[in-house]
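Here is how names work: the chains are called A, B, and so on, in the same order as the sequence lines, proteins then strands, and each is numbered from 1.
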Amino acid sequence: MSRIDYEQRVEMIKTLREMGVDPYPPDVKPDYAVSEITENADAYMGKTVSLAGRIYSIRFHGKLAFADIRQNGFQIQAMFRKDIMGDEPYKFLKKYVDKGDFLWIKGEVIRSKRGELSILAAEIRLAAKAMYDLPHEWFGIEDMRTRYRQRYLDILINKDSFDVFVMRSRIVSGLRRYLEDMGLMEMETPVLQPVYGGASAKPFKTHVNAIDRDYYLRISDELYLKRLIVAGYDGVFEVAKDFRNEDIDTTHNPEFTMVEIYKAYVDYNDMMDMTEGLIRHLAETNGATTVTIGGKNIDLTKPFRRVKMLDMLAEKGITDRTTDEELKAMLEKYNLKLPAYNRGQALGKLFEKLCEDELVDPVFVIDHPKETTPLCKIHRSDPSLVERFELYIGGMELANGYSELNDPQLQEHLFREEAERRDLGDVEAHEYDEDFIEALRWGMPPTGGVGIGIDRLVMVLTQKDSIKEVLLFPMMAPINAENHEN
RNA sequence: GGGCCUGUAGCUUAGCUAGGUAGAGCGAUCGGCUCUUAACCGAUAGGUCAAGGGUUCGAACCCCUUCAGGCCCGCCA
């Protein structure tokens, strides 16, 4: 594609160099951030300051010009008067400075006749030249392919995108601060694991040359964090990138971020309290306690309901009187596949199918059948269940937590059952992790744990209905060299 | 994996179920303008209509294939 702007800029840069003007000078030093001036306009009024930023718009009126200068999310208007800055600099501005360029300006802080906070340029300096025209902010960039593949352009042009990732950053730092204030420590555990565990998912496989072994990218860091509880740290967490080799859609990306949190001497009830407190705190500090996502209104201010999974199934007519044959027929009807039937997993699948979408306002679904996970403590009052919770918001699963299983013999037994299920063809059954069981044999205190999907949490708090909107660089198929022209 | 929709200038798009030289706004370039902020006025340039193949005298348009994306469904967080 011919871009005349690009070719013109190539020429212009050549000319600038011949004139002795460096289009990419190394020593541009503004005295003030734009935000400092805009946030304290009155204090700086009449003072001479220097600042720098990108030109988003420039409007010439003969011997007068206005530009919008933006830096780090803050914008200020620059005013250029030929009689103040001089003929040559004004001519230079008109001829060699374009929208999209970075400009350094020194001048007096004033207000224009219309009252707009401005810096009246006495001196200017080209800080960095751009080679493309900046697309007009008014129209924005709407094409998803451009927005996701050239995210820097999306963020540059679309203010909403800029703000989403500011919010994401604040949410994650707020989360870390909240957990640290609770006395928890962030730990870093391996991304490359010889045995993948902690969740049901298909992994990415890789090979470690140094020891000539196949490794996996982690699907979870649960089993490592629990080893750290064994090790004697009573509260740990990790904001972790996890990797699952599954489909890409509006709520799934192959790499995603999950915070897992483990704390000794608490159970799943305590972890629900903590999860709820954390999410409400993040909602309040990011100014959105009632949100709309995908047309659904969600109220984060009310206490999160806690409902037993079996009670929700009972509302759908599935009770302990429902026979296995009837359950199998229902699985068939909804096209749900279980490599090897067992009642607990069947109930879990049917729950997801029948109930999940209805869970708009935050709700903890608790007390799952024990076959749904091998890492959770058996329920203190019903041996067919486990002390597990899942938090749903807006029809999405946002968090999953347990009273952690710390009985090494039972853990070994449950892992063997998972192994049998693998042999029957369940590719998502947990791998047998001998090293983890060995750790449990040394003794793990009673522990509560939870994993919270950060991307989905950010979706809720920023009111976005696609995970791609909250991932800086969502996974996209690479553009074929034959089709690629820019 | 199944269904529906989309891809036209740097950006936003019209034209596609009437097959007949591809149009606009913004942006760019040149000129004018001392208070604009989607600035304005005048002129100019800018297109392999996602890619490939077919039908046709003639294809952005009809057909086939491919690529990329979106939405819904199925499966996993």
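- Using a 4.0 Å heavy-atom cutoff across all strands shown, A:Gly451 reaches no nucleic acid atom at all.
- Judged by closest nucleotide on RNA chain B, A:Ser466 is the one of A:Ser466 and A:Glu255 placed further toward the 5' end.
- Across all strands shown, A:Thr146 has no heavy atoms under 4.0 Å from either base or sugar-phosphate atoms.
- Between A:Glu137 atom CD and B:C11 atom C1' there is a gap of 13 Å when expressed in whole angstrom units.
- Residue pairs meeting the salt bridge (charged side-chain N to carboxylate O under 4.0 Å, His left out) criterion with at least one member in residues 47-71 of chain A, sequence neighbours excluded: A:Arg59-A:Asp68, A:Arg70-A:Glu137.
- Among B:U37, B:G27, B:U29, the nucleotide with an atom closest to any side-chain atom of A:Gln8 is B:U29.
- Contact check, A:Arg149 against B:G69: a side-chain N or O comes under 4.0 Å of OP1 or OP2.
- A:Glu116 contributes a side-chain N or O that forms a donor-acceptor pair with the base of B:U37 under 3.5 Å.
- Rounded to a whole angstrom, the distance from the C1' atom of B:C64 to that of B:C72 is 26 Å.
- Under the salt bridge (charged side-chain N to carboxylate O under 4.0 Å, His left out) criterion, the residue pairs touching residues 75-87 of chain A are A:Arg81-A:Asp83, with sequence neighbours excluded.
- At whole-Å resolution of the value, CG in A:Asn253 and P in B:C75 are 20 Å apart.
- A salt bridge links A:Arg280 with A:Glu276; the closest basic N to acidic carboxylate O contact falls under 4.0 Å.
- A:Arg145 places its CZ atom 11 Å from the C1' atom of B:U8, with the value rounded to the nearest Å.
- In A:Arg111, the CZ atom is crowded: over 12 heavy atoms of neighbouring residues, nucleotides or ligands sit closer than 6.0 Å.
- Contact annotation for A:Ser57: backbone-only contact, meaning every heavy-atom pair under 4.0 Å involves sugar-phosphate atoms and none involves a base.
- Rounded to an integer number of Å, the gap from CZ of A:Phe139 to C1' of B:A14 is 14 Å.
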I'd like a table of atom pairs between the protein and nucleotides 72-74 of chain B - only N or O on both sides, under 3.5 Å - with the distance next to each one.
residue	atom	partner	partner atom	Å
B:G74	OP1	A:Lys353	NZ	2.2
B:G74	N1	A:Asp247	OD2	3.2
B:G74	N2	A:Asp247	OD2	3.3

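- Among residues at least two apart or in separate chains, ring-ring contact (aromatic ring centres under 6.0 Å, His included) pairs with a member in residues 339-377 of chain A are A:Phe304-A:Phe364, A:Phe351-A:Tyr392, A:Phe364-A:Phe389.
- The distance from atom CG of A:Asp98 to atom P of B:C26 is 19 Å, rounded to the nearest whole Å.
- The NZ-P distance, from A:Lys99 to B:U37, rounds to 15 Å in whole Å.
- No contact: A:Asn158 has no heavy atom under 4.0 Å from any strand.
- Under 3.5 Å, the side chains of A:Ser220 and A:Asp242 contain no donor-acceptor pair of N or O atoms.
- Remark: the separation of the P atoms in B:A22 and B:A9 is 15 Å, to the nearest Å.
- Atom C1' of B:G52 sits at a distance of 40 Å from the matching atom of B:A43, rounded to the whole Å.
- Comparing B:A28, B:C35, B:U12 against the side chain of A:Ile141 picks out B:U12 as the nearest.
- A:Arg388 and A:Glu390 are joined by a salt bridge, as a carboxylate oxygen and a charged side-chain nitrogen come within less than 4.0 angstrom of each other.
- Only one option out of A:Val164, A:Ile393, A:Leu282 pairs with A:Leu461 in a side-chain contact (heavy atoms from CB on, under 4.5 Å); it is A:Leu282.
- Atom CZ of A:Phe60 sits about 6.5 Å away from atom NZ of A:Lys94, to the nearest 0.5 Å.
- A cation-pi arrangement is absent between A:Arg168 and A:Phe165 under the rule of less than 6.0 angstrom and at most 45 degrees off the ring axis.
- Taken together, the paired segments of RNA chain B that extend over three or more consecutive Watson-Crick or G-U pairs, each closer than 3.5 Å at both contacts, are B:1-7 with B:67-73, B:10-13 with B:23-26, B:28-32 with B:40-44, B:50-54 with B:62-66.
- Annotation: B:G31 and B:A18 have their P atoms spaced 47 Å apart (nearest Å).
- In B:A60 the base sits anti relative to the sugar, since the glycosidic angle is further than 90° from 0.
- Closest to the side chain of A:Pro135, out of B:C11, B:G69, B:U37, is B:C11.
- Straight-line distance between the C1' atoms of B:C35 and B:C30: roughly 25 Å, to the nearest whole Å.
- Across all strands, A:Gln77 comes closer than 4.0 Å to base atoms (heavy-atom distances).
- The separation of B:G2 from B:A39, taken at their P atoms, amounts to 47 Å, rounded to a whole angstrom.
- Between A:Ile110 atom CD1 and B:C35 atom P the separation is 13 Å, expressed in whole Å.
- Aromatic ring centres of A:Phe473 and A:Tyr148: separated by at least 6.0 Å.
- We find that CD of A:Glu7 is positioned 11 Å from P of B:G10, with the value rounded to whole Å.
- Distance check on atom P: B:U65 versus B:G25 gives 39 Å, rounded to whole Å.
- Counting non-hydrogen atoms of neighbouring residues, nucleotides and ligands closer than 6.0 angstrom, the CD atom of A:Glu18 exceeds 12 such neighbours.
- Distance from the side chain of A:Ala477 is smallest to B:A68 among B:C26, B:A68, B:U37.
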Nucleotides 31-34 of chain B: which of its N/O atoms have a protein N/O under 3.5 Å away?
residue	atom	partner	partner atom	Å
B:C33	N3	A:Phe60	O	3.3
B:C33	N3	A:Gly62	N	3.2
B:C33	N4	A:Gly62	N	3.3
B:U34	OP2	A:His61	O	3.3
B:U34	OP2	A:Lys63	N	3.0
B:U34	O4	A:Asp83	OD2	3.2

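- In this structure, A:Asp367 contributes its side chain and A:Lys308 its backbone to no donor-acceptor pair below 3.5 Å.
- Here the shortest heavy-atom pairing between A:Gln411 and A:Leu375 reads OE1-CD2, 3.8 Å.
- Residue A:Met476 has its side chain nearest to B:G69 when only B:C35, B:G27, B:G69 are considered.
- Minimum atom distance to the side chain of A:Asp133 is reached by B:G27, of the listed B:C11, B:G27, B:U6.
- Look at A:Arg343 and A:Glu371 and you find no salt bridge, because none of the NZ, NE, NH1 or NH2 atoms lies under 4.0 Å from a carboxylate O.
- Of the two residues near RNA chain B, A:Lys468 and A:His136, the one whose nearest nucleotide lies more 5' is A:His136.
- Nearest to the side chain of A:Glu142, among B:U12, B:C35, B:U6, sits B:U12.
- Spacing between B:A68 and B:A28 at atom P, rounded to whole Å, works out to 35 Å.
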